[in-house]
Amino acid sequence: MDKVELSIEEVSALATRCLRANGCDEANAKAVAATVTSAEADGSAAHGLFRLPGYVASLRSGKVDGAASPRVEQVAPSVVRVDGGGGFAPLALTVGRSALVECAKRQGVAALALVNIHHFAALWIEVEALVAEDLAAFAFTAYMPAVAPAGSTRAFFGTNPMAFGWPRDGGPGVVFDQASAAMARGEVMIAARDGHPVPIGAGLDAGGKATTDPKAILEGGTLLPFGGHKGSAIALMVELLAAGLLGQPFSFEAAENDNRDGGPPRGGELIIALDPTRFGDASGWRAHCESFFERLLALEGVRLPGSRRHALRATIAAGKVSIPAELHQRIVTLCSAN
Ligand code: NDP
Ligand code: PYC
């Protein structure tokens with residue numbers, strides 16, 4: 001496959017240009033481009049420039065408002081709500097983050113409810129920003145039916161990711177960010193694009209049979225939850241937190257209301273932040289947790305979640321990202337063909 005090499009600055013400039021050319025105002029274009037660029041900067045092919053055609057499709061179809069102006073409201077002492085106004089999630093997140101941080105430091109625990117947003121990205125971005133403020137954080141969002149609940153062979157849950165972050169001495173902390181599917185749909189799409197098989201357990205074909213063919217999963221088949229009934233329970237929890245709690249569409253409702261333009265559906269996201277100085281050992285929590293990480297990492301074969309991605313970040317920052325030439329050409333065309 002032919003590739004194009006881009007610096008991180010070039011990724012950011014290309015994404016911003018493409019979004020601006022397709023109806024995003026400056027603030028929205030910058031926020032979405034920052035999200036896309038962060039994914040590329042951490043080596044996530046599935047949630048970087050690969051998503052740009054989907055973002056553009058939703059701008060062009062009118063499903064997403066590229067000039068949305070999110071509104072922040074303190075709806076309870078520990079709850080901040082941001083109404084994204086039908087825009088992409090990144091600007092709503094940017095606008096709500098400082099209120100969430102301030103609220104979590106004041107109350108010890110606080111939640112950010114993002115409503116009327118369109119989420120198409122990796123979730124570590126939101127939790128790492130809170131970890132940088134010395135907060136522990138969770139994030140949850142639902143999607144559209146893509147994952148069969150335990151016992152079924154039909155997609156019903158979204159790929160429903162959750163992320164968790166914990167501050168450490170220096171660096172970006174410990175962060176896990178995982179779909180409740182055995183594989184994120186984006187990863188399966190990349191495997192289909194690149195002609196790679198996926199592991200058994202990732203999904204079923206249209207006949208309900210286990211398959212390693214990513215196209216069979218995407219075209220009429222279904223993804224499976226990770227860990228059988230356990231991942232299925234997590235997917236159910238994410239539906240309830242990101243949709244039931246926030247008054248936003250469940251994955252099946254999101255699909256019923258979606259115009260299938262290839263971009264992200266309308267939905268919600270819940271983010272919870274906790275201040276470790278407000279629960280137990282206000283001054284010693286960090287050293288105590290570092291001793292835990294030390295013991296954990298002394299075990300042969302163990303690494304911390306997020307460590308592979310953070311190592312890639314350091315490598316990529318010193319070099320370039322490589323994207324398929326076809327994707328690059330498609331994005332360049334989208335910059336001018338509106
Ligand atoms: P992966 O299965 O690739 O990784 C999940 C987590 O496990 C990562 O934090 C990873 O850390 C960690 N991990 C992997 N291997 C190990 C190991 N050996 N030891 C310790 N930790 C490990 O991710 P998914 O395919 O589930 O999800 C990919 C992305 O898709 C996520 O960013 C998610 O947010 C996104 N997504 C977004 C959706 C949306 O609606 N917006 C829907 C679904 C997914 P590391 O990165 O360091 O390897
Ligand atoms: O990879 O499953 C996924 C996904 C859904 C929305 C954004 N990414």
Side-chain angles (χ1 to χ4, degrees), residues 1 39 44-58 60-61 63-64 118-123 140-162 178-240 242-243 248-267 324 326-327 330 334:
M1 184 188 296
S44 167
H47 289 89
L49 289 169
F50 178 66
R51 295 287 168 180
L52 214 43
Y55 282 113
V56 168
S58 293
R60 290 187 176 186
S61 74
K63 181 172 80 186
V64 177
H118 294 257
H119 202 297
F120 216 28
L123 290 192
F140 310 90
T141 192
Y143 178 53
M144 287 196 282
V147 177
S152 170
T153 56
R154 281 189 49 197
F156 179 74
F157 294 137
T159 39
N160 296 4
M162 67 177 281
Q178 57 194 39
S180 39
M183 274 178 89
R185 191 165 186 276
E187 303 292 347
V188 178
M189 290 165 78
I190 294 280
R193 181 193 72 184
D194 296 350
H196 299 142
V198 295
I200 280 287
L204 307 175
D205 65 17
K209 285 213 178 76
T211 179
T212 59
D213 178 357
K215 287 193 178 147
I217 294 172
L218 296 170
E219 292 161 14
T222 181
L223 289 163
L224 289 171
F226 76 84
H229 61 282
K230 299 188 182 184
S232 190
I234 301 284
L236 175 145
M237 177 191 74
V238 173
E239 294 278 346
L240 292 171
Q248 295 299 292
F250 291 108
S251 292
F252 82 90
E253 292 169 329
E256 284 166 6
N257 298 326
D258 195 69
N259 65 5
R260 307 298 166 128
D261 58 12
R266 179 78 63 100
E326 197 186 338
L327 174 62
R330 198 164 158 215
L334 287 174

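Because the structure is predicted, anything quoted here is derived from the model rather than measured.
- The shortest distance between side-chain heavy atoms of Met183 and Pro199 falls below 4.5 Å.
- Residues that satisfy the ring-ring contact (aromatic ring centres under 6.0 Å, His included) test with Phe156, not counting sequence neighbours, are Phe252.
- Pro225 and Val147 get closest at one heavy-atom pair: N-CG1, 3.5 Å.
- Considering OH of Tyr143 and CG of Asn160, their distance stands at 11.0 Å, rounded to 0.5 Å.
- Contact record, Pro249 with Ala254: CB-N, 3.7 Å, taken as the closest heavy-atom pair.
- Using a 4.5 Å cut-off on side-chain heavy atoms (C-beta onward), Leu223 and Glu187 make no contact.
- For the atom pair Ser180 OG and Leu224 CG, the distance stands at 12.0 Å (nearest 0.5 Å).
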Applying side chain to side chain contact (heavy atoms under 4.5 Å, CB included) to His196 and Ile190, what does each step give before you reach the verdict? CA-CA 8 Å; His196 299 142; Ile190 294 280; over 6 Å; no

Tell me which donor-acceptor pairs under 3.5 Å the side chains of residues 46-55 have, and how far apart each pair is, sequence neighbours excluded?
| residue | atom | partner | partner atom | Å |
| --- | --- | --- | --- | --- |
| Arg51 | NE | Ala46 | O | 2.8 |
| Arg51 | NH2 | Ala46 | O | 3.4 |

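- Between the CE atom of Met1 and the CZ atom of Arg193 there is a distance of 5.0 Å, given to the nearest 0.5 Å.
- Residue pairs meeting the salt bridge (charged side-chain N to carboxylate O under 4.0 Å, His left out) criterion with at least one member in residues 248-266, sequence neighbours excluded: Lys63-Asp258, Lys63-Asp261.
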Using atom types as modelled, flag every donor-acceptor pair under 3.5 Å from a side chain in residues 201-213 to any protein atom, sequence neighbours excluded.
| residue | atom | partner | partner atom | Å |
| --- | --- | --- | --- | --- |
| Asp205 | OD1 | Gly207 | N | 2.9 |
| Asp205 | OD1 | Gly208 | N | 3.1 |
| Asp205 | OD1 | Lys209 | N | 2.9 |
| Thr211 | OG1 | Asp213 | N | 2.9 |
| Asp213 | OD1 | Lys215 | N | 2.9 |

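- Residues satisfying the side chain to side chain donor-acceptor pair (under 3.5 Å) criterion with Ser251, sequence neighbours excluded, are Glu239.
- One finds the CZ atom of Arg185 at 10.5 Å from the CD1 atom of Ile217 (value rounded to the nearest 0.5 Å).
- Once rounded to the nearest 0.5 Å, the distance linking OG1 of Thr222 with CZ of Phe157 reads 11.0 Å.
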Atom pairs and distances, side-chain donor-acceptor, residues 227-236, under 3.5 Å, sequence neighbours left out:
| residue | atom | partner | partner atom | Å |
| --- | --- | --- | --- | --- |
| Ser232 | OG | Ala150 | N | 2.9 |

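- The minimum heavy-atom distance linking Ser152 with Ala148 is given by the pair O-CB, 3.4 Å.
- Nearest heavy atoms, Leu123 versus Pro161: CD1-O, 3.5 Å.
- Shown here for Pro145 and Ala255, the closest heavy-atom pair between the two residues is CD-CB, 3.5 Å.
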